[in-house]
Protein chains: 2
Amino acid sequence: MAKFTHHLQALTDILGKDRVLKAPVDTFGYSYDGSPEPLSQAFQPDAVCKCHSTEEVSQVMAYCHRHNIPVTCRGIGSGRSGGAIPVSGGVVLSLDEMNAILEIDRANLMATVQAGVRTKTLADACKAEGLFYPPDPSSYAYSTIGGNIAENAGGICAVKYGGTAAYVMALEVVLADGRVIRVGGKMVKNVTGYNLVGLFIGSEGTLGIITQATLRLIAAPACKGTAQACFSSMQAACETVSDALAKGVVPAAAEVMDAVSIQAAERFLDFSAPDNTEALVLFDVDGDDPEAISRQLEALQSLAEAHDAVRLLTTTDPDEAAALWQVRRKLSSAVAALAPDKVGEDISVPRSKLAEVVETLNDIAQRHDLLLAVYGHAGDGNLHPAFLLDLADPAQKARLDKALDETFRAAVACGGTLSGEHGIGISKKPWIQTALSEDVINTSLTLKQALDPKGILNPGKIF
Amino acid sequence: MAKFTHHLQALTDILGKDRVLKAPVDTFGYSYDGSPEPLSQAFQPDAVCKCHSTEEVSQVMAYCHRHNIPVTCRGIGSGRSGGAIPVSGGVVLSLDEMNAILEIDRANLMATVQAGVRTKTLADACKAEGLFYPPDPSSYAYSTIGGNIAENAGGICAVKYGGTAAYVMALEVVLADGRVIRVGGKMVKNVTGYNLVGLFIGSEGTLGIITQATLRLIAAPACKGTAQACFSSMQAACETVSDALAKGVVPAAAEVMDAVSIQAAERFLDFSAPDNTEALVLFDVDGDDPEAISRQLEALQSLAEAHDAVRLLTTTDPDEAAALWQVRRKLSSAVAALAPDKVGEDISVPRSKLAEVVETLNDIAQRHDLLLAVYGHAGDGNLHPAFLLDLADPAQKARLDKALDETFRAAVACGGTLSGEHGIGISKKPWIQTALSEDVINTSLTLKQALDPKGILNPGKIF
């Protein structure tokens with residue numbers, strides 16, 4: 001710690017006194033993130049460096065590299081896998097004040113932003129220009145673009161529009177030793193050299209610090225329709241979604257909720273489902289043409305009927321749509337109200353395995369005597385199982401540990417993986433060998449070693 | 001050579017006599033690819049190894065790794081940048097007989113194929129099931145999926161559907177030392193560990209040998225419309241394309257041709273354009289709904305009129321569409337007929353710079369007294385300038401060298417790059433430092449060194 005005092009002075013020389021936080025009361029807020037407690041503990045950094053420019057990030061990295069100081073990059077800390085938690089101490093490099101939208105380029109349909117821009121801030125700025133930045137992680141009101149890219153954040157509309165990765169055209173990245181590289185560009189097609197843009201996306205701050213990004217935009221769809229379908233089985237719900245995609249009806253959202261989720265909604269929200277509803281799917285369809293929207297809703301209706309939907313509500317009225325959606329938008333809180341604690345997870349499986357996996361998850365919950373609600377992005381096969389319990393009870397906590405272990409193994413066993421949109425961070429690191437072969441892990445570590453030979457970038461994460 | 005005789009025996013032990021070619025008459029066909037001669041010379045390999053399984057590829061790689069033998073992977077050799085040319089001799093590892101479609105998974109809308117499957121073979125098999133594999137490089141009738149992935153091949157419909165990279169969900173890759181890794185999977189969303197799938201895409205056989213791929217499919221669109229628009233300026237043509245995209249009219253093709261291309265079509269094809277036509281754009285729109293197609297064609301019509309189109313032809317009749325398209329489909333041969341030799345290139349620029357770059361290219365051609373035709377994928381900003389000359393004339397050849405150099409520099413100067421869909425290989429390697437900074441190149445070489453420390457995978461390419 002005496003040693004770090006010396007570093008603090010050097011970092012202050014770069015950033016000024018106000019932007020190097022060292023008092024525990026100031027650094028405490030940078031010791032945790034949005035991940036569920038049981039899988040990720042808090043760790044205090046030795047210092048928080050609040051950077052305002054790429055040049056400052058470069059100088060901080062060069063200094064930390066020279067002195068082997070761990071650096072954990074952080075946006076707003078809304079991550080769900082502990083990616084921004086400084087498990088080895090050292091410096092938290094905070095980019096949330098690098099939050100300028102540098103350009104909205106209408107001619108090329110691209111925006112260039114600093115890493116700390118909030119996703120919603122960008123989305124709103126685009127909307128004001130009639131443009132659309134689709135990625136919408138549920139944290140999008142406060143999460144940052146840099147964090148979205150570092151974790152390849154998904155969201156509800158990924159089924160039609162893809163996740164964050166599908167929008168990143170160019171990145172400015174500060175390497176472990178402080179060098180700054182710019183990769184990609186405003187050309188839509190680019191096969192000049194290795195896909196470094198793709199390598200940094202989803203690398204969780206372990207290969208470089210993303211300071212700036214150029215993102216593809218699209219024209220905002222002019223109209224929208226919504227359908228809420230109740231089914232008597234999860235199988236029927238999932239098959240309706242798959243059949244829609246196979247027929248070319250690609251919804252802008254296809255969110256599924258299981259029976260416990262529906263019960264939570266009935267209890268805490270203004271919602272009621274027909275008897276024997278076991279699963280609910282919320283669809284959005286969007287486009288430029290009201291008639292095409294109607295036809296898509298009709299197509300969803302016949303598919304839902306073919307799967308014996310017990311109720312189908314459709315609308316093209318925005319207020320009615322909002323009313324249909326509130327069951328999903330407020331679901332997380334409603335589900336959380338079922339028990340003192342909610343441990344929400346994130347697994348991703350082949351779409352064809354969705355119903356089977358939900359059944360397996362219910363079996364796991366039952367065997368470990370835990371309440372479980374399952375909901376998520378059915379169009380992507382990306383589920384959020386939420387275990388509901390009292391973490392203060394060690395017995396329940398022990399049962400949860402086993403249930404989570406079995407949950408992740410079940411996802412992998414059916415050809416899926418540990419995370420669809422939250423990342424691995426520290427919370428899923430114990431299962432990485434379940435998901436990836438030894439040779440894949442070694443190949444990954446070889447790349448990590450190549451780009452960060454001193455291992456200072458977000459140490460202790462992923463592998 | 002005496003030394004290689006020993007290797008031939010070992011390789012024959014792995015593959016059998018018939019699948020190790022060594023006679024120059026047999027290996028000659030593996031000494032060149034589809035790239036234009038002036039930028040890529042032919043090199044004979046010491047041996048051609050025709051593999052039939054991943055296990056065989058693994059054994060060949062393990063042997064070559066042990067003995068430091070260069071290995072250049074090859075599909076059908078249709079590449080346009082010399083990527084499959086064995087510039088250092090050694091082994092050409094031919095995968096064109098690993099051509100099985102292993103699975104078309106309707107439930108997940110995915111196909112799994114061996115690397116040697118022809119793109120059209122896959123596309124046809126999907127079509128037979130009502131499914132659609134969109135990537136359509138102009139070589140798609142004979143190019144292989146492995147080659148498409150290694151070069152991240154584009155195509156005409158990339159403007160709406162994306163290039164090859166947008167469809168690759170999982171890869172089986174044989175590493176330099178013979179280890180086999182499987183990365184990605186059938187889950188649509190996957191943020192477990194580094195994006196190794198993305199790193200191997202477009203790496204031109206320099207980081208690993210792609211032996212198998214799982215590719216995303218979509219529902220085949222039910223109907224199509226075509227518009228052919230003639231403009232009195234390239235600027236008007238390009239702005240029409242940009243405006244369409246900005247308004248959410250995303251065409252399945254937006255191919256542009258300049259005045260010289262149009263003259264070639266008028267001379268050698270059954271085509272004539274109105275006087276003062278300086279540019280032509282061919283649009284396809286597709287979808288599931290005939291009325292939506294009509295509305296998209298109407299939208300294109302009003303945009304074209306707003307840009308003073310001198311002629312607009314639209315149709316939803318397949319035969320009429322084919323007639324409108326023949327001017328583009330046969331364009332390459334028509335342009336080639338203008339001179340003894342045609343050197344077709346591939347540059348990619350921000351869409352907003354298209355017209356400006358065409359002007360610069362014409363200026364370059366004029367200054368170097370060369371005939372130039374420019375056509376390409378306007379929706380992507382991906383142009384194929386074709387210089388037309390007699391390469392047997394050293395003076396013309398010398399002027400071409402200068403013109404090409406200026407062409408690539410012009411692409412980079414306006415924020416574009418050396419290649420949109422052909423790759424760098426050997427033909428554009430001399431310009432890599434024009435396009436990428438020293439730190440980007442060094443970062444890339446660091447990754448290459450990490451994955452192929454002995455440098456045996458396709459040596460002499462890209463960097």
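Below, each value reflects all heavy atoms present in this structure, side chains not excepted, and no hydrogens, waters or symmetry copies. Throughout, protein chains are lettered first and strands after them, A, B, ... in sequence-line order, and every chain is numbered starting at 1.
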- Task: Run the salt-bridge test on B:R295 and A:D288 with the 4.0 Å N-O cut-off and return the result as yes or no.
- Result: no

Check: [X] side chain, [Y] main-chain N or O, donor-acceptor pair, under 3.5 Å:
X      : Y      : result
B:Q296 : B:V249 : no
A:D452 : A:L457 : yes
B:R351 : B:G379 : yes
A:T164 : A:A153 : yes
A:N152 : A:A165 : yes
B:S203 : B:F200 : yes
B:R216 : B:A166 : yes

- Residue pair B:Y161 / B:D286, side-chain heavy-atom distance below 4.5 Å: yes

- Does a side-chain heavy-atom distance below 4.5 Å link B:L445 with B:Q449? no

- When every non-hydrogen atom of B:C223 is compared with those of B:P290, the smallest separation belongs to SG-N, 3.6 Å

Taking every non-hydrogen pair under 4.5 Å, which of [options] racks up the most with chain A?
options                        : answer
B:A246, B:G208, B:A292         : B:A246
B:V250, B:L131, B:V159, B:L447 : B:L447
B:T443, B:D243, B:V183         : B:T443
B:T446, B:D439, B:V440, B:I441 : B:D439
B:I432, B:L207, B:L451         : B:L207
B:N382, B:L175, B:I462         : B:N382

- Can you pull out the residues in residues 184-196 of chain B with any heavy atom less than 4.5 Å from chain A? B:K186, B:M187, B:V188, B:K189, B:N190, B:V191, B:T192, B:G193, B:Y194, B:N195, B:L196

Select, from [options], the one with the greatest count of heavy-atom pairs under 4.5 Å involving chain B.
options                        : value
A:T206, A:D346, A:V180         : A:T206
A:V173, A:I181, A:L199         : A:I181
A:D105, A:D380, A:I201         : A:D380
A:L217, A:V197, A:I218, A:L436 : A:L436
A:A450, A:S419, A:A219         : A:S419
A:G198, A:S348, A:S81          : A:S348

- Of B:H384, B:K428, B:H422, the one forming a side-chain hydrogen bond (donor to acceptor under 3.5 Å, both in side chains) with B:E345 is B:K428

